[in-house]
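First up is the structure itself, then whatever we jot down about it.
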Amino acid sequence: PRIACPREGRVVRIERTSYGKLKFCELEVYVYKHPDTNGYYPRNEKAEGKALKHALKLAMVAPEFHVTNLPAAPATGEVEREPYTPSVSLNRPYKATVVIFMKGGADSFNMLVPHSECKEHDLYEEYAQIRGNDPETHFALYQNELLEINVNETEQPCAKFGFHPSLTHFQQLYNDGDGISLTNVGALVEPVTLEQYENRKRSTEKDFPPGLFAHNSMQRDVATVHSGKLDAKGVLGRMVNELNSMRDPYKSAMYSMSGYARMLDGGLVTPETIDPGASGVSRFLDYEALNQEIKNLTRYKTQSIFAETFASTLQGAIESSEQLGADLEETTLASGRVFSEEGESLAQQLEEVAKVIQLDTTKYNTERAAFYTTLNKFDTHGYHDISENMIKINNAMAAFSEEMKDQGLWDNVTVVMVSDFGRTLSSNGQGSDHGWGGNYFMFGGSLKGRRMLGKYPKRLLRYESEANVGRGRFLPSTPWEAIWNAVGEWWGLDKATRKRVLPNLKNFPEEMLFSKEQVYKDAN
């Protein structure tokens, strides 16, 4: 029942006076049981503060707070909203994509290095010449410490490359056929040449990513894969949105292990946020205390599509996070595996990913899932040695891949490793600076591994290279769209749908993109 705002006591009320209108009384809260002999209510500052927070929370979950039109009642009169029900699974094979974002701009030209058996020019010598192999700075990795891999020599300038010496499990996965190296990948709006880059200020012939070499703009392009559009939504959010818009929608889920993730933004599915530490799933605080009031505020349907979208999304987000939170608290890996000691951030995140995948496939019957994880401290302006982060990534991937094999799901998972950008080959005297194209990796049991995709530069020296724009910054030969075109096709998105998900896809010729046939072993 509606309760009029009292003149005495000033207790906050939020009431629906009619459809689409909320009345807020004074947002100064007095909490009381009984008045004193003079008719005044005693102060209780702690309780008042809590009540005020509750009132503000309720105000902000009301659909009326979020829409600009009038959420009027349906023409047929008051209609109660149906209870939240999870989307239905059609039992199609589970496929999960796990993103590892190396935040800060990984020095990926020290993660993947030309080794030997080069066709025309000794690229290791050029790499060492630019980076310098002074024993004290040790910026260039020594050739004899690189972990050798064989690549498809007809498509690359050398037959042998080498991983960073700490990436022992990367080498194992690659040699087992479960890993692909992705070379010179970065943000592009359309194909450009070195000459066009050098003339960019004198000509508008070509479009370039805005804010080249800057963290904020390059991170945005990695997350959205829509370079040139500043307000673009996340690429995985768009992919999930398309899956949910199909005639037979896929039961899909998105999870971030690292707070808000723009890459997951923009879908009809609300991403779940999971803290690998003690707090677990991010849930609505004071849910038990406010649950009934929230249901009352969203109880009735309206004619406003905006209010309906908000109310139904809110309802689903709260219910699903409560369910996942409760389930995850009770979940341990069936293998008994513990990924790492406390403090190893990426390993902890991937351990939570493994637990959620276990729930996805044993309880939730999810068909498509996207996971976002991060590892920080890649912005190496002040030092050269990246071994610490390489060890963390290597150990985390070792534990995760073995866990997926134990769950029998390694073929159902694709791990995609990306970063803001590559870094300069030349030193700034202490470390390296922001670059452009970089070298990245994909892992999974269904990949056509033991290969390098993309085009590693044929020359590295400044005035000999077709890609070196200065200081060892390399013009990407492959756009971010190439990776997500293949992953999207693996997920089940047809060509027309992938063009909607990746608006700049139309700008690139087929030879600059990766297809599912190139990346994955079979057509499933």
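The model shown is predicted, which means the values in this text are computed figures rather than measured ones.
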Is it the case that [X] and [Y] place a side-chain donor and acceptor less than 3.5 Å from each other?
X	Y	answer
S227	D221	yes
N91	N365	yes
T168	N394	yes

Tell me whether the count of non-hydrogen atoms from other residues, nucleotides or ligands lying under 6.0 Å of OH in Y287 goes above 12.
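It does: Y287 OH has more than 12 such atoms within range.
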
Taking atom CD as the centre, does E288 end up with more than 12 heavy-atom neighbours from other residues, nucleotides or ligands that are less than 6.0 angstrom away?
no

Step by step, would you call F443 with S401 a side chain to side chain contact (heavy atoms under 4.5 Å, CB included)?
CA-CA 9 Å; F443 297 107; S401 60; over 6 Å; no

Can K103 and N376 be said to form a side chain to side chain contact (heavy atoms under 4.5 Å, CB included), step by step?
CA-CA 5 Å; K103 189 174 183 179; N376 296 320; 3.3 Å; yes

Partner of N504 under side-chain contact (heavy atoms from CB on, under 4.5 Å), chosen from K229, E190, H226:
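Between N504 and the candidates, side-chain contact (heavy atoms from CB on, under 4.5 Å) is satisfied uniquely by H226.
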
Is there a salt bridge (Lys or Arg N to Asp or Glu O under 4.0 Å) between K377 and E388 once you walk through the steps?
CA-CA 10 Å; K377 297 183 179 180; E388 182 179 350; 5.6 Å; no

Could you tell me whether R368 sits above the aromatic face of Y94, with NZ or CZ closer than 6.0 angstrom to the six-membered ring centre and within 45 degrees of the axis?
no

[X] and [Y] ion-paired at < 4.0 Å:
X	Y	result
K448	E517	no
K251	E367	no
D406	R337	yes
R423	D433	no
E329	R283	yes
E242	R498	no

Could you check V413 against V415 for side chain to side chain contact (heavy atoms under 4.5 Å, CB included), going step by step and ending with a plain yes or no?
CA-CA 7 Å; V413 174; V415 177; 4.2 Å; yes

Inter-residue atom distance [X].[atom1] - [Y].[atom2], 0.5 Å rounding:
X	Y	atom1	atom2	result
K355	L328	NZ	CG	6.5 Å
S166	I391	OG	CD1	4.5 Å
W490	L447	CH2	CG	8.0 Å
M417	I393	CE	CD1	4.0 Å

Do the rings of [X] and [Y] sit parallel, tilted or perpendicular, given the 30° and 60° boundaries?
X	Y	value
Y372	F101	parallel
F109	F474	tilted
Y255	F371	parallel

[X] side chain to [Y] backbone, donor-acceptor under 3.5 Å:
X	Y	result
T313	F310	no
K57	L285	yes
N412	K95	no
K363	D360	no
R262	A232	yes
R238	K233	yes
Y520	V487	no
D385	S387	yes
R451	I180	no
T298	I294	yes

Verify salt bridge (Lys or Arg N to Asp or Glu O under 4.0 Å) between K499 and E489, making sure each step is shown before the conclusion.
CA-CA 11 Å; K499 286 183 176 180; E489 190 176 359; over 6 Å; no

Please name all residues satisfying side chain to side chain contact (heavy atoms under 4.5 Å, CB included) with A317, sequence neighbours left out, ordered by chain then number.
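Scan of A317 (side chain to side chain contact (heavy atoms under 4.5 Å, CB included), adjacent residues dropped) gives T270.
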
Looking at W480, F514, F170, which one forms a ring pair (Phe, Tyr, Trp, His ring centres under 6.0 Å) with Y440?
W480

H434 ring center near F421 ring center (under 6.0 Å):
yes

Does a side-chain heavy-atom distance below 4.5 Å link V79 with R299?
no

D494: which residues meet the side-chain hydrogen bond (donor to acceptor under 3.5 Å, both in side chains) condition with it, sequence neighbours left out?
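Partners of D494 by the side-chain hydrogen bond (donor to acceptor under 3.5 Å, both in side chains) criterion, ordered by chain and then number, come out as T497.
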
Could you report the tightest heavy-atom contact between P209 and A187, atom names first, then the distance?
CG-O, 3.3 Å

Assess whether side chain to side chain contact (heavy atoms under 4.5 Å, CB included) is satisfied between V235 and T224, documenting all intermediate values.
CA-CA 5 Å; V235 63; T224 65; over 6 Å; no

